[in-house]
Amino acid sequence: MEEWQLTSLILCAFGLLKELRPSEPFVTDYIINFKNVTSETVIHEIFPISTYTILGTLVVVFLITDFLRYRPIIIFQGFSYVVTWILLIWGQSLLSLQFVQIFYGIAVSADVGYYTYIYAKVRRENYKKVTSYTYTAALIGKFLSGTISQILISLNLMDYHELNYISLCSLSFAMIISISLPKVEKSIYFYRDQVQGMDEMTNGEIQSYLENPKVEVSPKSSSSSSTFLQRLRITYPILWSDFKKAYSNSYVVKWSIWWAIATAGNLQAQNYIQALWKVVAECSEDSGSTRYNGGVNAIQCLLSAILSFTVGHIHIRWNLWGEGFLCFISLLQGLVLFWMSQANFLVFAYIAYVIFRVLYQLVITIANAEVAQGISKDSCGLIFGINTFLALVIQTILTLVVTDVRGLALDERSQFLVYSGYFGTLGLSFFVVAVTSFFKLKFSKNQLKSEIPLDIEEEEKEKLNSLDVTLHQSPKSNSESDMA
């Protein structure tokens with residue numbers, strides 16, 4: 001077994017175990033039933049804290065992850081998850097439950113270490129393989145988590161409290177495994193090859209080098225002894241250069257906008273769906289029956305994996321049909337969320353949630369691929385991180401306005417009614433964009449036709465007929481040469 005394969009195996013084992021948390025599909029019911037906390041307190045005073053924590057720590061974690069070269073952040077993520085479940089199991093006060101959300105938010109924001117570590121340890125030709133491995137491992141962990149929890153609850157082998165011990169054991173093993181990960185010598189920004197020897201360069205010299213990277217840089221100081229601030233001064237122009245190149249591409253911007261807005265709505269639905277299921281169950285004949293939260297999560301995870309894998313092997317001209325597709329999916333998600341908010345039977349709420357989540361996973365897979373094709377490979381972590389950060393900003397606003405006790409503090413059904421309108425607005429916005437793009441294309445085509453003489457030769461007519469293909473060419477990134 002080659003070194004990169006062994007490293008991938010260790011990382012995937014960590015990814016699987018950290019997602020193997022059977023208690024999570026029932027965490028809302030657990031807190032309400034075992035911690036003497038009302039549903040209103042959970043929704044309005046406990047859950048919002050994790051959203052604020054993730055937003056507040058994501059940027060810092062991103063920079064520190066690259067500077068510390070990934071491994072310490074992965075270990076710290078495992079530690080944060082362990083602390084989260086220790087507090088969840090033995091904490092009884094409202095304050096301890098709020099600290100659960102703080103440590104959980106820190107652990108989630110540290111995910112950037114898990115998903116970027118492997119790129120610094122393997123050769124570029126293996127990127128596609130290791131990406132598939134790490135995402136698949138996490139997906140298997142989530143699937144097993146839902147399956148195991150549902151079997152144990154349905155057969156009355158464990159209650160909600162006892163499931164937490166399985167989660168704690170799994171997370172403890174994950175933390176132990178993370179310690180065995182090999183150290184990383186290089187990183188994407190702070191320890192990339194071109195940073196070597198740039199410690200004593202002026203900002204102008206750094207900018208000139210970025211514009212003409214073929215110029216050799218003579219090492220003036222030992223990069224290993226550089227402080228964080230020294231490296232940040234060198235790294236900032238590189239970050240800014242990658243940022244400008246990516247977001248000057250309108251095609252990347254379009255998919256990134258949907259990415260950020262849809263992800264924010266998806267995270268909100270995920271965070272509060274268990275509370276809605278509880279309300280639906282209590283107002284129907286399902287109130288005393290077995291909950292199938294774990295099974296539903298397992299099913300949606302499996303279907304999402306199948307569709308995401310399938311769409312990667314289907315060739316569709318998203319530069320031509322993308323806007324209309326995003327419009328249709330967003331409107332459909334809005335309708336599904338409306339159905340969810342009005343459901344009186346738990347089975348309908350379950351089905352609606354599966355449809356909503358599968359649709360999101362399908363389109364976010366496409367969005368990831370389309371954005372990645374328009375930017376340089378080295379900037380993927382930065383741009384994906386920025387899109388995620390924007391999503392969290394929007395989610396924080398939604399949380400503060402819709403769910404927080406300092407905002408409207410809406411009940412569960414009203415919340416999902418708002419999310420329905422949110423996705424409906426997103427769909428209508430992309431409908432306007434699609435119609436505008438269509439008429440712009442039509443106008444450009446007619447204008448070019450009018451400039452061609454009537455006695456045009458047959459050969460040139462054939463060239464004109466191929467105009468649509470030329471106009472629909474996907475915009476290329478300014479850094480296309482970096483992607484070669």
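A ring-centre distance under 6.0 Å is found for F423 and F356. In this structure, F416 has its ring center under 6.0 Å from that of Y419. Close placement of the Y30 and F34 rings is indicated, their centers lying within 6.0 Å of each other.
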Next on the checklist: Run the side-chain hydrogen bond (donor to acceptor under 3.5 Å, both in side chains) test on S172 and W85 for me, step by step, so that the C-alpha distance in whole Å, both residues' side-chain angles and the decisive distance to 0.1 Å come before the verdict.
Outcome noted: CA-CA 10 Å; S172 299; W85 256 261; over 6 Å; no

Item to check | side-chain hydrogen bond (donor to acceptor under 3.5 Å, both in side chains) evaluation trace for E412 with S39 | outcome: CA-CA 10 Å; E412 292 85 349; S39 178; 3.2 Å; yes

Checklist entry - Can you check salt bridge (charged side-chain N to carboxylate O under 4.0 Å, His left out) on R413 and D411, steps first, answer last? => result CA-CA 6 Å; R413 289 186 183 274; D411 62 76; over 6 Å; no

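Listed by chain and number, the residues in a salt bridge (Lys or Arg N to Asp or Glu O under 4.0 Å) with D29 are K278, R291 (sequence neighbours excluded). For W259, the ring pair (Phe, Tyr, Trp, His ring centres under 6.0 Å) partners are F384, not counting sequence neighbours. With sequence neighbours excluded, the residues forming a salt bridge (Lys or Arg N to Asp or Glu O under 4.0 Å) with E323 are K254, listed by chain and number.
Taking both residues in full, the closest heavy atoms of M175 and F79 are given as SD-CA, 3.5 Å, listed atom of the first, atom of the second, then distance. The two residues S420 and F338 come nearest to each other via the heavy atoms OG-CB, 3.3 Å.
If you check the side chains of S96 and W90, you find no donor sitting under 3.5 Å from an acceptor. A donor atom on one side chain and an acceptor atom on the other are found under 3.5 Å apart for E370 and Y251. Remark: the W277 side chain and the T28 side chain contain no N/O donor-acceptor pair separated by less than 3.5 Å. For Q415 and Y272, the side-chain atoms include no donor-acceptor pair closer than 3.5 Å. If you check the side chains of Y360 and T263, you find a donor sitting under 3.5 Å from an acceptor.
Heavy atoms from other residues, nucleotides or ligands lying under 6.0 Å from CZ of F173 number 12 at most. Taking a 6.0 Å sphere around CZ of F431, one finds it holds 12 or fewer heavy atoms contributed by other residues, nucleotides or ligands. A 6.0 Å sphere centred on OH of Y247 holds more than 12 heavy atoms belonging to other residues, nucleotides or ligands.
Note that NZ of K35 is 10.5 Å distant from CD1 of I46, once rounded to the nearest 0.5 Å. Distance CG/L87 to OG/S93: 9.0 Å, rounded to 0.5 Å.
For the pair K18 and Y81, the cation-pi test (distance below 6.0 Å, angle within 45°) is failed.
In this pair, W255 and W318 present their aromatic rings perpendicular. The plane angle is above 60°, beyond the 30 to 60° band.
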